[in-house]
Participant: 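Quick one: the structure is below, and I'll ask about it shortly.
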Amino acid sequence: QVQLVQSGGGLVQPGGSLRLSCAASGFALAIGGVGWFRQAPGKEREGVSCISNGDNTYYADSVKGRFTISRDNAKNTVYLQMSSLKPEDTGVYYCGLVKPRITDWTSSGCPAIGYWGQGTQVTVSS
């Protein structure tokens with residue numbers, strides 16, 4: 001049974017940093033693709049960043065240069081380091097498994113395959 005457990009998040013001032021973690025059980029993240037998605041109030045869930053089984057990465061234009069996705073295979077965990085946070089980054093962040101090969105990704109992001117973490121709130125506000 002695949003389980004994704006998220007940690008991190010919280011309240012941060014504009015310009016601050018946060019790190020989100022997504023720890024997996026029942027599945028080796030090293031062979032899969034993992035994505036981070038977010039949903040702001042009243043908006044649809046959007047893709048933020050993904051990492052493929054070959055360590056290729058995708059970033060939405062809105063977070064390029066500010067967010068970094070990484071993976072620790074020994075801990076079976078994927079991270080999202082978020083810096084220079086803006087109020088528009090506020091939302092509930094979800095990690096999820098995505099199609100593992102970059103050839104399956106599009107310019108719009110990485111297709112999710114239905115396994116999700118529980119979500120964590122990120123609020124950027126002064």
Side-chain angles (χ1 to χ4, degrees):
Q1 182 179 2
V2 177
Q3 286 191 318
L4 303 175
V5 178
Q6 298 178 222
S7 59
L11 174 64
V12 66
Q13 292 186 341
S17 299
L18 283 174
R19 188 177 79 160
L20 305 181
S21 300
C22 176
S25 60
F27 182 80
L29 294 183
I31 64 171
V34 182
W36 287 96
F37 301 76
R38 68 186 178 191
Q39 188 164 18
K43 294 188 177 181
E44 293 185 353
R45 189 176 298 187
E46 63 173 352
V48 174
S49 180
C50 307
I51 185 165
S52 75
N53 58 352
D55 287 338
N56 302 103
T57 57
Y58 160 87
Y59 296 96
D61 288 343
S62 58
V63 306
K64 279 180 182 176
R66 301 188 298 120
F67 290 12
T68 302
I69 191 169
S70 62
R71 174 168 51 210
D72 185 331
N73 293 335
K75 296 182 178 180
N76 210 27
T77 299
V78 169
Y79 303 96
L80 184 69
Q81 178 68 46
M82 305 183 293
S83 303
S84 301
L85 282 161
K86 305 175 181 180
E88 51 264 42
D89 294 318
T90 295
V92 179
Y93 283 68
Y94 299 89
C95 67
L97 298 186
V98 301
K99 290 189 175 182
R101 298 178 181 178
I102 192 171
T103 50
D104 292 321
W105 298 0
T106 70
S107 59
S108 300
C110 321
I113 61 172
Y115 295 94
W116 297 98
Q118 79 276 19
T120 187
Q121 178 70 44
V122 172
T123 302
V124 185
S125 175
S126 55

Participant: Check for me, please, whether Y79 and F27 land in the same ILVMFWY cluster - side-chain distances under 4.5 Å, paths through other members count.
Facilitator: no

Participant: I need the single residue from D104, V98, V2, L97 that forms a side-chain contact (heavy atoms from CB on, under 4.5 Å) with I113. Which is it?
Facilitator: L97

Participant: Same cluster or not: are L85 and I69 linked, directly or through other Ile, Leu, Val, Met, Phe, Trp or Tyr residues, by side-chain heavy atoms under 4.5 angstrom apart?
Facilitator: yes

Participant: Taking side chain as C-beta onward, heavy atoms only, is V122 less than 4.5 Å from L20?
Facilitator: yes

Participant: How close do G47 and A60 get, counting heavy atoms only, and between which atoms?
Facilitator: O-CB, 3.6 Å

Participant: Would you find a donor on one side and an acceptor on the other, under 3.5 Å apart, between the side chain of T77 and the backbone of D72?
Facilitator: no

Participant: Output yes when a side-chain donor or acceptor of Q6 lies under 3.5 Å from a complementary backbone atom of G119, and no otherwise.
Facilitator: yes

Participant: Output, in order, the C-alpha distance, side-chain angles, deciding distance and verdict of side chain to side chain donor-acceptor pair (under 3.5 Å) for E88 and T90.
Facilitator: CA-CA 5 Å; E88 51 264 42; T90 295; over 6 Å; no

Participant: Taking the side chain as every heavy atom from C-beta outward, state whether L80 and F67 have any atom pair closer than 4.5 Å.
Facilitator: yes

Participant: Going from CD on Q81 to OG on S17, what distance comes out if it is rounded to the nearest 0.5 angstrom?
Facilitator: 6.0 Å

Participant: Does R66 use its side chain to pair, donor to acceptor, with the backbone of S84 at less than 3.5 Å?
Facilitator: yes

Participant: Would you call D89 and K86 a salt bridge, taking side-chain N to carboxylate O under 4.0 Å as the test?
Facilitator: no

Participant: Is the shortest heavy-atom distance from the side chain of P87 to the side chain of S125 under 4.5 Å?
Facilitator: no

Participant: So, taking the atom named CD in Q13 and the one named CG in L11, what distance separates them when rounded to the nearest 0.5 Å?
Facilitator: 8.0 Å

Participant: Could you check whether any side-chain N or O of N76 sits under 3.5 Å from a backbone N or O of N73, counting only pairs where one atom can act as donor and the other as acceptor?
Facilitator: no

Participant: For W116, what residues pass the ring pair (Phe, Tyr, Trp, His ring centres under 6.0 Å) criterion, not counting sequence neighbours?
Facilitator: F37

Participant: How long is the straight-line distance from CD of Q39 back to CD of E46, given to the nearest 0.5 Å?
Facilitator: 9.5 Å

Participant: Is the backbone of S52 close enough, under 3.5 Å, to the side chain of W105 for a donor and an acceptor to pair up by distance?
Facilitator: no

Participant: Could you tell me whether the side chain of Y93 and the main chain of G8 form a donor-acceptor pair under 3.5 Å?
Facilitator: no

Participant: Quick check on the hydrophobic clustering: are V48 and V12 connected, directly or via other members, by side-chain heavy-atom contacts under 4.5 Å?
Facilitator: yes

Participant: Just how far is it from atom SG of C110 to atom CG of N56, taken to the nearest 0.5 Å?
Facilitator: 10.0 Å

Participant: Applying a strict under-4.5 Å side-chain criterion to I, L, V, M, F, W and Y, I'd like to know whether V92 and L4 cluster together.
Facilitator: no

Participant: Is the charged tip of R38 near the ring of Y94: under 6.0 Å from the six-membered ring centre and within 45° of its axis?
Facilitator: no

Participant: How many angstroms lie between atom NZ of K64 and atom OG1 of T57, to the nearest 0.5 angstrom?
Facilitator: 9.5 Å

Participant: Please say yes or no: joined through hydrophobic side-chain contacts below 4.5 Å, possibly via intermediate residues, are Y58 and I51 part of one cluster?
Facilitator: no

Participant: Using atom types as modelled and distance alone, determine if a side-chain donor or acceptor of Q118 lies under 3.5 Å from a backbone N or O of V5.
Facilitator: no

Participant: Can you confirm whether Y59 is buried at OH, in the sense that more than 12 heavy atoms of other residues, nucleotides or ligands lie under 6.0 Å from that atom?
Facilitator: yes

Participant: Just verifying a value: how many Å separate R71 CZ and L29 CG, rounded to the nearest 0.5 Å?
Facilitator: 7.0 Å

